[in-house]
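So the structure is just underneath, and the comments pick up after that.
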Amino acid sequence: MKSIYLDYASSTPVDPRVMAFAAPYLSEVYGNPSSLHSGGLKAKQAVEDARAKVAALINAEDDSTLLFTSGATEANNLAIRGVALRNASQGKAVAATAIEHMSVLNPMKDLQKQGFTFTKVPVDSTGLVEIDHLSESVTKNTVVTSVMSANNEIGTIQPIREISRVVHEKALYLHVDATASAGRIPIDVQKEGIDLLTLSSNDLYGPKGAGALYVKPGVKLQSIVFGGGQEKGLRSGTENVFAIAGMGEAARLAEKEMTAESTRLIRIRDALIAALLTIEDSFLTGHRTKRLPHHVSVRFSHIEGESILLNMDMYGIQVSTGSACSSKTLEPSHVLLAIGLKHEEAHGSMVVTLGRSTTMEDVPVVRKAAGETVERLRKLSPLH
Ligand code: PMP
């Protein structure tokens, strides 16, 4: 049985070209980037080369605006906690959309315990931020507002330029989690008016264990990890040179190939959406057109996402679900609830994310497996 991997929003394979580029940093080049000898300098050079490549992907003002972290979770924590705590004298409020990743929502909830006000900004039924609500939600005391560039679960792309304008009319800094969108849609931190932006290597066909935070020149933040003072004192700890070098090369390839690859994937995406929606009682989640090029998310009534995932796996097809068990809790996805679905509706979701190995030939295979899966599960479902 041919295995079809369709969970690229959870993890991408390391591109073989990235692997070939970064492998020497696991073997020949093993110095510590802080060491002054030649082995250390080589490692330092690898980190700096990667910084330039990642900066280019998002059109940052210069390389020094990028800080490497262990991944998107840490970058989100650093952006939110680091900025809120450093700028608390200017206001003790933070805001985020209701569909942010937990690595944004949970640091904000934690800040609440320290006396900050946390406002959740609602989204509409397609997942788009409600601009009027956003404008009402932020005040001059809001030190950081977080809006993801695109949602990993429903694929909806936010109008960041407009959001930036609204946020900056009253509030201080805009943080954008671009984990799901980087390398898939163009991102320009300068044109879009972004103050802080999170990136993840693992979502770019780079190795796990690296992420980055863009910090606009002039934005003040404090460290959340203290130690030897690496990364301008904002992220202490010996750099993960292999993963960082890989992330840099992954960013360079993503930038070079993004237009062609996204055009290719949009055709497959649209064909797969159309095919899946021929299944009875199936519905698209997220926005139909303001959608990541590789993102297909649907829900089926009367069945449960974890069972869909496990049944699809029996066909050799690996997909994801926004519902309960993917997040190891019994609660349905906060994203699907935020777009207005009822609990029982939010449970039957299937998230299919395409990538470099996906072809148009996969579409009928996935449609057939999904059709049989839904039929089988509905026969067993007491709700049907
Ligand atoms: N933000 C978004 C939008 C995500 O999809 C993820 C997970 N891929 C994260 C943040 C956290 O990434 P990680 O678990 O790699 O730190």
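Counting convention: from 1, in listed order, for ligands and their atoms alike. The figures that follow rest on heavy atoms only: side chains count, while hydrogens, waters and symmetry mates do not.
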Atom 14 (O) of ligand 1 has as its nearest protein heavy atom Thr73 OG1, 3.5 Å
Please could you name the atoms of ligand 1 that Ser103 approaches to less than 4.0 Å, counting only its heavy atoms?
10 (C)
Of Leu78, Asn87, Leu85, which is the lone residue that meets side-chain contact (heavy atoms from CB on, under 4.5 Å) with Gln222?
Leu85
Protein heavy atom at shortest distance from atom 12 (O) of ligand 1:
Ala72 CB, 3.4 Å
For Thr179, atoms of ligand 1 separated by under 4.0 Å from a heavy atom:
1 (N), 2 (C), 3 (C), 4 (C), 6 (C), 10 (C)
Would a single hydrophobic cluster contain both Ile131 and Met148, if residues Ile, Leu, Val, Met, Phe, Trp and Tyr are joined by side-chain heavy-atom contacts under 4.5 Å?
yes
Is a salt bridge present between Lys2 and Asp362, judged by a nitrogen-to-oxygen distance below 4.0 Å?
yes
Give the residue and atom name of whichever protein heavy atom lies nearest to atom 4 (C) of ligand 1, and the separation in Å to one decimal.
His101 CD2, 3.5 Å
Can you tell me the protein heavy atom closest to atom 1 (N) of ligand 1 and the distance?
Asp177 OD2, 2.6 Å
Does ligand 1 come near enough to Ser200 that some N or O of the ligand is less than 3.5 Å from an N or O of the residue?
no
Compare all side-chain heavy atoms of Gln158 with those of Thr97 and state whether any distance is below 4.5 angstrom.
no
One pair to check against salt bridge (Lys or Arg N to Asp or Glu O under 4.0 Å): Glu375 and Arg378. What are the steps and the verdict?
CA-CA 5 Å; Glu375 197 183 321; Arg378 281 192 181 143; over 6 Å; no
Need the ligand 1 atom indices (1-based, order shown) with element for anything under 4.0 Å from a heavy-atom of Met148.
3 (C)
Per side-chain contact (heavy atoms from CB on, under 4.5 Å), Leu276 is matched among Ile279, Ile273, Thr278 by Ile279
